[in-house]
Amino acid sequence: MTEQKLSIRCLNNNQSIEIAAGSQLDEVYQQLDLSLNYAPLCARVNNKVEGMHFRVYRDCQVEFLDITSASGQRTYTRSLFFILCKAVHDLYDPCKVSIDIPVSNGYYVDLNIGHPVTLDDAGRIRKRMQEIIDAGYPIHRHVTTTEEAIWMFESLHTHSKVKLLRSQGSLYTTYYDIDDYVDYFYGALVTNTSQIYLFGLEKYYDGLLLRIPSRDHPSELGELVMQDKMFGIFKEHHRWQNILGMRTIGDLNEAIDKGRTNLLIQVSEALQEKKIGKIADEIANRKGIRMVLIAGPSSSGKTTTCKRLSVQLLTNGIKPVPISLDDYFVDREKTPRDESGDYDFEHLHALNLPLLNEQMNALFNGKEVELPRYDFPTGKSLMSGRRLQLHDDEILVVEGIHALNPELMSTVPQEQIFRVYASALTTLLLDNHNYIPTTDNRLLRRIIRDHKYRGVSAMETIRRWPSVRAGENKWIFPFQENADQMFNTAMLFELAVIKRQAEPLLEQVPENCPEYAEAYRLRKFLKYIHPIAEDQLPPTSLLREFLGGSSFEY
């Protein structure tokens with residue numbers, strides 16, 4: 001019988017080859033004369049990301065992805081999670097591993113191994129992980145009926161996976177094994193443990209910190225940056241989750257199916273409002289505060305946080321006075337340019353810092369100033385005619401991406417400033433070994449908002465997202481720990497609500513564009529989640545900033 005041949009067009013070198021039908025992607029790669037800087041970890045096949053286990057049965061175009069790509073790094077990280085879980089299983093059985101919080105350029109790992117985690121435990125697990133990597137175990141991919149997968153994971157007492165698979169509703173499930181250890185992971189894995197060439201593992205608070213290579217410098221681990229406040233806000237949300245019994249997507253789906261969504265929404269909204277109230281109380285009790293600065297990345301809900309905090313300040317007898325940093329832009333021709341020669345409007349020095357500091361100091365000293373107004377059509381800074389004098393019962397409230405940067409208000413008395421960092425920090429897990437990236441939450445929010453209020457398609461939002469993320473990494477995230485208070489704007493039920501508006505927008509992304517890969521990944525992820533009708537949300541909910549129907553004016 002003649003072997004069927006397929007034509008594969010490789011986008012890495014723009015060449016085509018013929019392969020046998022049913023070949024795995026790693027076999028396809030071996031037949032190509034490619035010189036990637038780092039080994040391929042996965043590939044984009046007809047604009048869908050697949051693992052190197054994937055078998056090709058029809059003509060297609062393929063682009064191999066290494067660790068310098070977002071998809072490649074996700075594959076590397078997911079595979080490292082698998083090796084960590086096997087190592088802990090080998091050393092401490094019974095045990096429980098939760099791969100939990102992205103923090104300090106790594107991932108916090110919560111361990112239940114029968115005793116408090118010690119430095120010796122960290123060393124033993126690290127050593128066992130390296131042994132698994134050095135042994136070069138193949139990572140096998142299996143497809144079975146979901147019913148059989150549930151039975152298997154029940155016998156292994158991995159209840160979070162059982163709950164997730166039961167609520168998913170799929171006929172078939174994919175799982176993986178390393179030697180005698182099996183696990184379920186959402187997304188692609190590498191084909192052999194030896195492909196993991198660099199990692200770090202150390203004791204971190206009462207658990208471990210798993211460190212991964214930097215995307216920008218893959219031969220180095222990401223810099224270890226202590227994020228005590230960020231870690232604290234994650235832990236606070238975990239306490240809220242324990243109140244509601246809501247740790248994983250399986251728990252969320254179960255609550256939805258049992259009709260407990262009203263209580264879930266009411267308690268989640270109340271906990272969030274209570275946190276905002278506490279921040280307002282702290283501002284009121286700290287004597288001499290004349291300004292509140294609120295920063296956060298794209299689609300973090302800064303605007304609604306600002307409005308809800310202003311309401312809470314009023315209940316403390318403080319009148320909030322909003323100031324827009326956008327009005328302090330320099331004339332367009334004075335705007336710094338990026339590496340491509342384009343105007344970099346997210347650069348700190350796109351703002352007129354001398355004028356900003358001069359006017360804020362004047363206001364703090366009781367003087368009257370005329371605020372500027374930026375005319376966006378002409379790109380000119382003008383005087384607005386709006387005069388302002390700050391009274392004793394008033395506080396300036398300023399929202400912007402640079403609000404935590406110490407250079408922004410460098411000449412203003414720092415003891416008169418209160419800084420708030422707002423971000424959507426997703427704390428739900430798919431299951432104990434599959435975390436949900438916080439950036440996915442924000443991207444889905446932005447896709448909905450851009451379509452609803454800016455006339456921008458999901459394809460265009462996805463295309464711009466890497467640039468947005470680069471700006472955040474440069475101008476926002478390095479200054480997170482400067483905040484006096486952090487506020488998590490993510491809601492425990494959020495993904496179930498935004499699913500209804502996000503899915504139709506993602507389905508509109510054409511299959512023949514590069515952005516389809518990300519749209520397809522997000523659609524696959526949302527299929528795990530049961531929907532909640534948005535009419536159950538109160539009009540003051542932060543999510544209304546994106547979904548519509550808010551009682552606040554934007």
Side-chain angles (χ1 to χ4, degrees), residues 77-104 106-135 137 139 149-166 175-186 193 196 199-212 224 226 228 231-232 234-251 254 427-436:
T77 303
R78 206 178 285 123
S79 304
L80 190 55
F81 291 167
F82 194 8
I83 292 169
L84 168 67
C85 292
K86 173 170 170 53
V88 175
H89 175 269
D90 289 351
L91 296 171
Y92 309 94
D93 191 29
C95 61
K96 183 178 178 181
V97 180
S98 290
I99 296 166
D100 197 356
I101 301 168
V103 67
S104 297
Y107 296 88
Y108 174 72
V109 181
D110 189 17
L111 290 183
N112 185 341
I113 52 177
H115 61 261
V117 177
T118 65
L119 288 171
D120 180 61
D121 291 320
R124 290 184 69 203
I125 296 169
R126 183 170 54 246
K127 179 174 180 289
R128 181 59 188 141
M129 289 176 68
Q130 192 61 57
E131 289 171 351
I132 294 167
I133 292 167
D134 292 343
Y137 287 113
I139 298 178
I150 289 171
W151 178 85
M152 178 178 67
F153 287 120
E154 272 185 330
S155 67
L156 296 171
H157 307 291
T158 49
H159 301 299
S160 68
K161 295 185 189 301
V162 170
K163 191 174 282 190
L164 178 69
L165 294 175
R166 276 188 174 145
Y175 70 93
Y176 295 86
D177 77 60
I178 298 176
D179 195 21
D180 61 343
Y181 178 73
V182 299
D183 210 338
Y184 171 83
F185 283 93
Y186 162 67
T193 60
I196 302 301
F199 75 97
L201 188 75
E202 51 203 80
K203 191 175 184 309
Y204 190 86
Y205 292 93
D206 53 352
L208 301 173
L209 183 70
L210 181 63
R211 300 172 64 193
I212 62 173
L224 178 59
M226 294 308 294
D228 294 346
F231 189 76
F234 272 115
K235 284 293 192 181
E236 177 184 65
H237 251 242
H238 282 341
R239 289 193 292 273
W240 293 5
Q241 288 174 279
N242 290 336
I243 291 170
L244 293 163
M246 197 67 52
R247 195 72 184 87
T248 67
I249 291 297
D251 295 331
E254 185 176 72
T427 52
L428 276 180
L429 305 173
L430 268 177
D431 64 38
N432 286 334
H433 300 167
N434 288 268
Y435 88 106
I436 299 171

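Hydrogens, waters and symmetry mates are skipped; everything else that's a heavy atom, side chains included, is used. Each residue takes its place number in the sequence, starting with 1.
- The main-chain N or O of Leu208 is never found under 3.5 Å from a side-chain atom of Asp121 such that the two would form a donor-acceptor pair.
- Checking side-chain atoms of Arg126 against main-chain N and O of Leu201 turns up a donor-acceptor pair under 3.5 Å.
- With respect to Glu202 and Arg211, a salt bridge is recorded, a charged nitrogen being found less than 4.0 Å from a carboxylate O.
- Distance alone, capped at 3.5 Å, places no donor-acceptor pair between the Thr427 side chain and the Phe234 backbone.
- The side-chain heavy atoms of Asp180 and Lys86, taken from C-beta on, include a pair separated by under 4.5 Å.
- Below 30°, between 30° and 60°, or above 60°: for His89 and Tyr181 the angle between ring planes is between 30° and 60°, a tilted geometry.
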side-chain contact (heavy atoms from CB on, under 4.5 Å) between Val103 and Leu209: does it pass, once the steps are laid out? CA-CA 8 Å; Val103 67; Leu209 183 70; 4.2 Å; yes
Using the side-chain contact (heavy atoms from CB on, under 4.5 Å) rule, take Phe231 and Lys235 through it: C-alpha gap first, then chi angles, then the decisive distance, then the call. CA-CA 6 Å; Phe231 189 76; Lys235 284 293 192 181; 3.4 Å; yes
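- In this structure, Phe185 has its ring center at least 6.0 angstrom away from the ring center of Phe81.
- A donor-acceptor contact shorter than 3.5 Å is absent between the side chain of Asp93 and the backbone of Asp90.
- Asp110 and Tyr205 share no donor-acceptor pair across their side chains, judged by distance under 3.5 Å alone.
- Checked by atom type, the side-chain pair Asp206/Tyr108 shows a donor-acceptor distance below 3.5 Å.
- Without hydrogens or angle criteria, Ser160 side chain to Asn432 main chain gives a donor-acceptor distance under 3.5 Å.
- Looking at Arg247 and Asp100, a side-chain N of the basic residue comes within less than 4.0 Å of a carboxylate O on the acidic one, giving a salt bridge.
- Under a cutoff of 6.0 Å and an axis angle of 45°, Arg124 and Tyr92 form a cation-pi pair.
- Rounding to the nearest 0.5 Å places CG of Asp134 at 12.0 Å from CD1 of Ile196.
- Within 6.0 Å of the NZ atom in Lys203, the count of heavy atoms belonging to other residues, nucleotides or ligands exceeds 12.
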Would His433 and Tyr184 satisfy side-chain contact (heavy atoms from CB on, under 4.5 Å), going step by step from the backbone distance to the final call? CA-CA 8 Å; His433 300 167; Tyr184 171 83; over 6 Å; no
